[in-house]
Amino acid sequence: GMALEIVPEVDPTSLHAGDELPVRLLKNGKPLPGLPLGLVHEGEAKGRLEKTDAAGRVTLRLDRPGRWLLRATELRSSTTPSADWESDFTTVTLYVSKAGAVAPHR
């Protein structure tokens, strides 16, 4: 329903440290290729970026337990004379359990 969406392709509530999370980035319901998706672990000042493939997919390795933020921003030239830029952004937060642990219900 949002203009820009991060859609997990596996159940994010079942993730453990070391797991991979495949996600798809959609713009108005269609895959968005070539856009960087940011991944930040709690307490980090700087995260990392992974670019989506031709199908709008990227697989993220969640190497530590704890809270994670996934984020994406599409910035483009404005079609409106009163603005230089337009953007859409989206975020997802999730919790990753320790390896072998059961994820808490939230």
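What you see below is based on every heavy atom in this structure, not just the backbone, and it leaves out hydrogens, waters and symmetry mates.
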What are the two closest heavy atoms between [X] and [Y], and how far apart are they?
X   : Y   : answer
S78 : A83 : CB-O, 3.1 Å
V96 : A17 : CG1-N, 3.3 Å
R71 : V40 : NH1-CG2, 3.5 Å
S14 : D19 : O-OD2, 4.0 Å
L35 : A72 : CD2-CB, 4.3 Å

Roughly how far, to the nearest 0.5 Å, is the [atom2] atom of [Y] from the [atom1] atom of [X]?
X   : Y   : atom1 : atom2 : value
D63 : E20 : CG    : CD    : 11.0 Å
L4  : S87 : CG    : OG    : 9.5 Å
L21 : D11 : CG    : CG    : 10.0 Å
L60 : L70 : CG    : CG    : 5.5 Å
L94 : T13 : CG    : OG1   : 10.0 Å
I6  : R24 : CD1   : CZ    : 14.0 Å

Is it the case that the side chain of T80 and the backbone of S82 share a donor-acceptor pair, with hydrogens and angles ignored and the cut-off at 3.5 Å?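 A pair under 3.5 Å: no.
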
L75: which other cluster members, linking ILVMFWY side chains closer than 4.5 Å, directly or transitively?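 Hydrophobic cluster check, L75: joined to W85.
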
Test side-chain contact (heavy atoms from CB on, under 4.5 Å) applied to P36 and T73, V58, L49, the passing residue: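 For P36, the side-chain contact (heavy atoms from CB on, under 4.5 Å) test succeeds with only one of T73, V58, L49, which is L49.
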
Would a hydrophobic clustering, with Ile, Leu, Val, Met, Phe, Trp and Tyr connected at side-chain separations under 4.5 Å, put V7 with Y95?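 As far as the 4.5 Å side-chain criterion goes, Y95 and V7 are not connected within one cluster.
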
Can V92 be reached from L15 by stepping across I, L, V, M, F, W or Y side chains whose heavy atoms are under 4.5 Å apart?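 Looking at the clustering, V92 is in the same group as L15.
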
Should [X] and [Y] count as side-chain neighbours, where that means a heavy-atom distance under 4.5 Å?
X   : Y   : answer
E74 : K27 : yes
T91 : L69 : yes
M2  : T90 : yes

Which residues share a salt bridge (Lys or Arg N to Asp or Glu O under 4.0 Å) with E86, sequence neighbours left out: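 For E86, the residues satisfying salt bridge (Lys or Arg N to Asp or Glu O under 4.0 Å) (neighbours in sequence not counted) are R76.
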
Enumerate the ring-ring contact (aromatic ring centres under 6.0 Å, His included) contacts for residues 37-59, please, sequence neighbours excluded, ordered by first and then second residue.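 For residues 37-59, and leaving out neighbouring residues, the ring-ring contact (aromatic ring centres under 6.0 Å, His included) pairs sorted by first residue read H41-W68.
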
I need the full list of salt bridge (Lys or Arg N to Asp or Glu O under 4.0 Å) pairs touching residues 30-43, with sequence neighbours left out, sorted by first then second residue.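 Every pair satisfying salt bridge (Lys or Arg N to Asp or Glu O under 4.0 Å) with a residue in residues 30-43: E42-R67.
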
So which pairs with a foot in residues 44-53 pass side-chain hydrogen bond (donor to acceptor under 3.5 Å, both in side chains), sequence neighbours left out?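 Matches after skipping sequence neighbours: E44-R64.
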
Kindly write out the residues that satisfy side chain to side chain donor-acceptor pair (under 3.5 Å) with R57, not counting sequence neighbours, or none if the list is empty.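 Here the qualifying residues are E9.
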
